[in-house]
2 protein chains.
Amino acid sequence: MLYMRSVKDDRTARAVIRDEALRLFGAHGPDGVSVRQIAAAAGVSPALVVHHFGSKEGLREVVDQHVLDTFDEALAEMTQPGAPDLYDPAATGSLAEAVLRHLPSDSPLPGYLRRLLLDDSEAGRILFRRLFTVSQGVLSTLSQAGLASEGNDPAVRAAFLMANDLAVLLLRDRLTEVLGVDPFSPDGMRRWASEVLAVYGSGLLAAAPRQEEP
Amino acid sequence: MLYMRSVKDDRTARAVIRDEALRLFGAHGPDGVSVRQIAAAAGVSPALVVHHFGSKEGLREVVDQHVLDTFDEALAEMTQPGAPDLYDPAATGSLAEAVLRHLPSDSPLPGYLRRLLLDDSEAGRILFRRLFTVSQGVLSTLSQAGLASEGNDPAVRAAFLMANDLAVLLLRDRLTEVLGVDPFSPDGMRRWASEVLAVYGSGLLAAAPRQEEP
DNA sequence: ACGTTGACTGAACAAGTGTTTAGCATGCTG
DNA sequence: CAGCATGCTAAACACTTGTTCAGTCAACGT
């Protein structure tokens, strides 16, 4: 448990520290992890952590920025080339899901993004604002395409859709427990998206259509 | 700042400690608050805290239980007598809001409930399960009254509605920032509920009706 | 009046925190 | 080769943490 770095690892020690910090911060929060734990996970001495990043706070800022960059990259990837996913009405409520599908299933990024959104940090504010802008853009595009209405209060409607979307990420573990299925698993995503689509499509009142077989 | 207790305060010191812990835990999380800070806020010595509660962990458990009890009380109040709020279709998406309206606007309870839902604690699991059951009950009742459909996947639909509802609580500060209005303020609740009602009523596609004037 | 119980405090303790310092290699550059 | 920066560590520092201990004070029952 002391030395976590595998024998073949061409990342610099600095990168290893950053990655382990990302993983541990995401899992337990910055206050729930000590510099010594990060150092042990990275297989280095505690002093090296502060040597590379100045302080624990400095490390946190670097990780924040790194996560923000990675997220932007993933977002740009799916918003630029053809963008079949984003502006598909069937994908309306799964913006976050779409981003997460671009990541390995054991990625520490979702957990860290979750904390960014929940904790009161500058990076979190930036992230949230960016997501809100995207949500507004999607709603606007759908509206112009005649696939949705912006409603009486477009800003609130965009916020509502985004909040609903993020709720799955924020409450993932809890939902997994009561539903018996991880909403981010293939099966869970199918079931969740199906209901979201039904409600967004024609409201709560509409009679349930037959289960469609693909 | 040292002695927070007002001169007239008939609560026992034990109750004062519990209340201050509730407030501080809700604001900064149990790990973000020291026993000394709680003691100072309550105007007592740190030793008295552990004298009454055994340990910091013991205090946390008592506060958890206290919050759970208070919440159940508030829930029972609005689910029993006539229950005009709960099973009103116009109140579908505002279960949490309805509970919060029963509290003073500066109550520390919402913040603590938020942490219960987000952190991985036993009390949080119980709370979430309880909320899920209520959501299922509401959906079932609305369905029997012909005011909503349970959809193809009633459990997921109930979870979806609950998650959307809770998202406002979890993201309150962030939403306040991008929208410029607190979604729990009278104005914010009106705007938010209006969009929720519109979407739940007839989906995203429906044309925006005229703003209704009461 | 005495003794016991309970609320309560100041001081101390062991453990863990982030950070500093001095020093050891190693490898590049003059 | 000398010199200097770089990556890195062990040890220590000052501080905070939760908790313990000995003891004071007031209230209450006998």
Sequence neighbours excluded - side-chain hydrogen bond (donor to acceptor under 3.5 Å, both in side chains) pairs with any residue from residues 123-132 of chain B: A:Glu177-B:Arg129, B:Asp72-B:Arg130, B:Asp120-B:Arg125, B:Glu122-B:Arg125

Spacing of A:Ile38 atom CD1 relative to D:dC8 atom P, expressed in whole Å: 16 Å

Heavy-atom pair of closest approach, residues A:Leu175 and A:Val168: CD1-CA, 4.2 Å

Protein proximity profile, nucleotides 13-19 of chain D - base contact B, sugar-phosphate-only contact S, no contact -, cut-off 4.0 Å on heavy atoms: ----BBB

Euclidean distance, atom NE2 of residue B:His51 to atom C1' of D:dT20 [Å, nearest integer]: 14 Å

Under 3.5 Å donor-acceptor, B:Arg114 side chain and B:Leu170 backbone: yes

Pair B:Asp64 + B:Arg60, salt bridge at N-O below 4.0 Å: yes

Nearest-angstrom distance from the residue atom CZ of B:Arg18 to C1' of C:dA7: 17 Å

Heavy-atom pair with the smallest gap, counting every atom of A:Leu116 and B:Arg174: O-NH1, 3.0 Å

Spacing of A:Asp31 atom CG relative to C:dG18 atom C1', expressed in whole Å: 12 Å

A:His52 side chain near D:dC8 phosphate (N/O to OP1/OP2, under 4.0 Å): yes

Donor-acceptor contact below 3.5 Å, side chain A:Glu195 vs main chain B:Asn152: yes

Spacing of B:Leu48 atom CG relative to D:dT24 atom P, expressed in whole Å: 18 Å

